Each structure stands twice: as C-alpha cells, then as structure tokens.
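To start, the structure itself, in structure tokens.
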Amino acid sequence: MARTKVIEALSCTEYGKSVVVKGWVRTRRGNKNVSFIALNDGSTIKNLQIVVDFSKISEDSIKDVTTGACICATGTLVQSQGAGQSVEMQADSIEVYGPADATYPLQKKGHTMEYLREIAHLRPRTNTFGAVLRLRHNMAYAIHTFFHNKGYYYFHTPLITASDCEGAGQMFQVTTLDLNRIAAGNGPVDYSKDFFGKPTSLTVSGQLEGELGATALGAIYTFGPTFRAENSNTPRHLAEFWMIEPEIAFMDKEELMDLEEEFVKYCVKWALDNCADDLAFLNQMIDKGLVERLKAVADTEFVRLPYTEGIKILEEAVKNGKKFEYPVYWGCDLASEHERFLVEEHFKRPVIMTDYPKEIKAFYMKQNTDGKTVQGTDVLFPQIGEIIGGSVREENYDKLYARIKELNIPMKDMDWYLDTRKYGSCPHAGFGLGFERLMLFVTGMQNIRDVIPFPRTPNNAEF
Ligand code: 4AD
C-alpha cells in the first residue's frame, strides 16, 4: 500500500480507510491495555495519533517504539474520541525502521535555542524547527513565484569572484595555494600560480553581474548564497546567508520603492495564506505578537523617509532625552538602534529610507544633483532593522568612473562592469533582500542562527 502523509491522513474524513503512515515518534504514552503514539513525518506541524491496542498487537513487539524512533504503521483511520484531533489511526501492525535509544537528545520538550544549535543535525525534528523550515521553503517558493509572475528571469551569478561589490573588504579568499608553505616564509604570494591565476573570493553580492543580466534581459533576479567575513557576532548577521537580488532596467527610485514594498508584502501575505498552522504554532510558542505583526505589515503603507529627515527626527529624540549607544549626526551610518527607533517607536510602521550620504554607501549608487547624497532605498523593519538594501544605479559612465577612482577601487577589476555604461547604458535599479532577515520577521525567531539549517558564524562551521 502506498504511504499516506500525516497531513493527508489528518484531513481525511473517509473513516474506516486503511492506510500506511511512516515517520518519527514524537511521544508515546498509555497504560497496560493501550498505547498512544504521536507520529510526525514533517508534512505538517501536527502529529497523527496512533492507537495500539495490546489485545491486537503485543506490547513486547513495540518495545522499540520510543521517542525519536522511525516507524511504519499500518491501520485504519477512525474518528478520534480524544480532544485535539478529529482523526486517529487504529494500528494493525507496526514495523520499526530505526530505533532511538535513551541517548536520543530530543527526549523531552523545552530545550534552549543554544542547546539546539549544538545539535543542529537533529533540531529539524523539533516542532519549532520543523515550522521554521517549512516556512523557509514557502518563502523561497513565494519569491520565485513573485518574480516569475512579473516576467523577471532567474539569473545565476558566480559565487567565486574577483570583485568586491560592496567594497567593504569582507570577502573570504578562495585559493588552492599551500598556505602552510607561504606561512613558513616562502612568500611573497605568487597569485599567478593560484587556481584562477589571480586573487579570488566568495561573493558578497551578485549585484554587479546581475546588472549585466538586467541590461540585456530587462529584468532579472538572483537567489543564492552570499558570504561575508564580517566579524559581527550579532543575532542578525551570518557569514553565509542567502540573498535575493532583483535588478531592473528602466526603473527609477519611486518604482524601486514600490517594488520593494510590494515584494515584502507579497512574501508576508504568502506566509499568512499558506502557512497558517506553522504560524499559529510559532505565535503560541515563540512570539505572541507574530501573526498580528505580519498582518499589520501586509496591510500598512510603508513610510518613505529621506535620510536627512530621519536624522532630524533622531536628533530631536536625543534632545528630548532618548538615549542611544551610538551618536547621531548627519553623515553617520545608522545603527540598528536608530533604525528600530524610527520604525518601532516613531512611525510604528516599516520605513523605506532614501538618499543617503554618498560616503556611507557603495560606489555604484546614483548620485543626486546636491553632490552629497545618493539614491539608496533601504527598507527598515520592526524587530529586524535593515531587511533590504537597494538603490538606483549610477548609469553615467563619467560619474561612475570618477567615483571608482575616488575610492581607489582597482580599475582593472571593473572594466567589464564599466562596459554596461560604455555601451548602451540605461537607467536601472535593484535591491538585495537578506533571506534570513525575512525569515526572522516571518517566524518571530530571535536569532538568525535559528532560521537557517546550518548557520555559519565566526568560530562556527559545524555540520
Ligand atoms: O545592504 P547590502 O549590503 O546590499 C547589497 O549587497 C547590495 N549589493 C544589494 C543590491 O542592491 N543588489 O545587503 C543586502 C541585504 C541587507 O539588507 C540584509 O538584509 C542582508 O542583505 N545582509 C545580511 N544578512 C545576514 N547576514 C549578513 N551578514 C548580512 N549582510 C547583509
């Protein structure tokens, strides 16, 4: 008999139907006559209750059906007598595929997130991580659907690159050179002998190559792993994260902000519409305000705020007694505490901040005529701070060339990029959404290490 998934069994109203279910035992309880097994197979947060009657199946034959064991159960779906579910299974036979003895680390409920991180190979079997990982899949699917429906092409940019898109020097070097030999004093490093014949690194962003796609295909998006060697041990930074980067020809600042807002609202609404059970669980166990916050964002118009106005609001707040750890002044790079003040306390809605001082932004952003600011459009979210970084791109060859020179970015690495401005240049814009920052928002989880299966952070590359 073909296997029935738990999610299908639970929605079945054909009582008396024979089915086979397979999955992992969450709990087992009972008395000397009967045993109740809660079975989960990952298809839903909910468990199927399997009732084992010892007059039909001997107690001894299910001695290995313990928490964590993997089993196959054959039986009949019946209307449940107990509270909490409408269907349960009366077992006819149970086969144990893989037992789990008393050393199985997920015996009891209520482990700390820190402990679960140490057993990240097993934590997907918990309710919380099951919910998070199903939501993660759903968000990825929503993202592809959103862009596909708009006619954007999924464009694959390289993970190994010789250019530093953000210019922040946070790149992981890629080499096949023998570092031990070099360390032993056999330097200087001869990169012509390295695999690619020059220094290369893991990408910090696919944007520059994404611009090549947009200026040919019209509109593209990337969705792939991104690497940053920033030594920030915070609940919002990973060394390896996933980024979605749409890039669109002929788009201006207003249209870019419209797209950013439409996109995140679409993802949030998708979660509300398609992941109700998992969200209900997370709302109950992790963050009581989660669903309300998601609904609020899906229905609210985002504030659009020039950086200069934002600084005025923050300075006013300081004057009125608000204490920040980092100073506020025109030209400062906003800290997360500043962003969160604007979003959570002042406006109480997401904010799209625009027109930043050029000194704190990357070289490629379109320069405003004031000579001081650039057309950045970052989206700031409650709880998270910056969730999207975006901008209109400088399409003027001379201005872009001058900025690259001014910042001492090696011109030889930039030839191909400048060609987009040399041949048939066009106005264009794009943004990057940190996938795990979106995941933090839609799950209510507090730490970015808990919304990706195997987090990479300073001093941690386990599994
Ligand atoms: O603001 P960022 O650095 O922008 C770029 O990389 C642009 N090239 C994007 C573009 O315009 N195509 O990063 C974009 C987003 C941030 O808003 C944040 O959500 C996420 O990427 N991000 C991180 N997420 C997790 N861990 C980190 N270390 C992150 N750094 C950035």
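Fair warning: this is a prediction, and the values are worked out from it, not measured in the lab. Counting starts at 1 for both ligands and their atoms, following the listed order.
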His144 and its ring-ring contact (aromatic ring centres under 6.0 Å, His included) partner, picked from Tyr221, Tyr153, Tyr152 = Tyr221

Quick check against the 3.5 Å criterion: does [X] have a side-chain atom that pairs as donor or acceptor with the backbone of [Y]?
X	Y	result
Arg304	Met353	no
Gln375	Lys366	no
Asn274	Trp270	yes
Glu262	Glu260	no
Lys348	Glu345	yes
Arg236	Ile387	no

Between [X] and ligand 1, does any nitrogen or oxygen pair lie at a separation below 3.5 Å?
X	result
Leu433	no
Gln207	yes
Leu238	yes

Passing option when Tyr364 is tested against Glu211, Arg393, Gln207 for side-chain hydrogen bond (donor to acceptor under 3.5 Å, both in side chains) | Gln207

Would you call Phe435 a ligand 1 contact, heavy-atom distance under 4.0 Å?
-> no

Touching ligand 1 at all, Glu436? Heavy atoms, strictly under 4.0 Å?
-> no

Atom indices of ligand 1, in the order listed, that fall short of 4.0 Å to a heavy atom of [X]:
X	result
Met243	6 (O), 13 (O), 14 (C), 15 (C), 21 (O)
Arg393	10 (C), 11 (O), 12 (N)
Ser205	6 (O), 8 (N)
Tyr364	7 (C), 8 (N)
Ile387	17 (O), 19 (O)
Gly434	15 (C), 19 (O), 20 (C), 21 (O)
Arg236	25 (C), 26 (N)
Gly389	1 (O), 9 (C), 10 (C), 11 (O), 17 (O)

According to the interplanar angle, ranging from 0 to 90°, do the rings of [X] and [Y] count as parallel (below 30°), tilted (30 to 60°) or perpendicular (above 60°)?
X	Y	value
Trp242	Phe223	perpendicular
Tyr141	His137	parallel
Phe341	His346	tilted

Could you tell me the residue and atom name of the protein heavy atom closest to [atom], and the distance to it rounded to 0.1 Å?
atom	result
atom 18 (C) of ligand 1	Arg437 NH1, 3.4 Å
atom 15 (C) of ligand 1	Gly432 O, 3.6 Å
atom 24 (N) of ligand 1	Phe241 CD1, 3.5 Å

Under a 4.0 Å heavy-atom limit, does Glu245 contact ligand 1 with its side chain, its backbone, both, or neither?
-> side chain

So which bit of Asp378 gets within less than 4.0 Å of ligand 1, heavy atoms only: side chain, backbone, both or neither?
-> neither

Heavy-atom distance to atom 28 (N) of ligand 1: which of Glu230, Glu166, Gln170, Met365 wins?
-> Glu230

Nearest non-hydrogen contact to atom 16 (C) of ligand 1 from the set Glu211, Arg228, Glu386 belongs to Glu386

Verify whether one side chain among Thr161 and Ser163 offers a donor that lies under 3.5 Å from an acceptor in the other.
-> yes

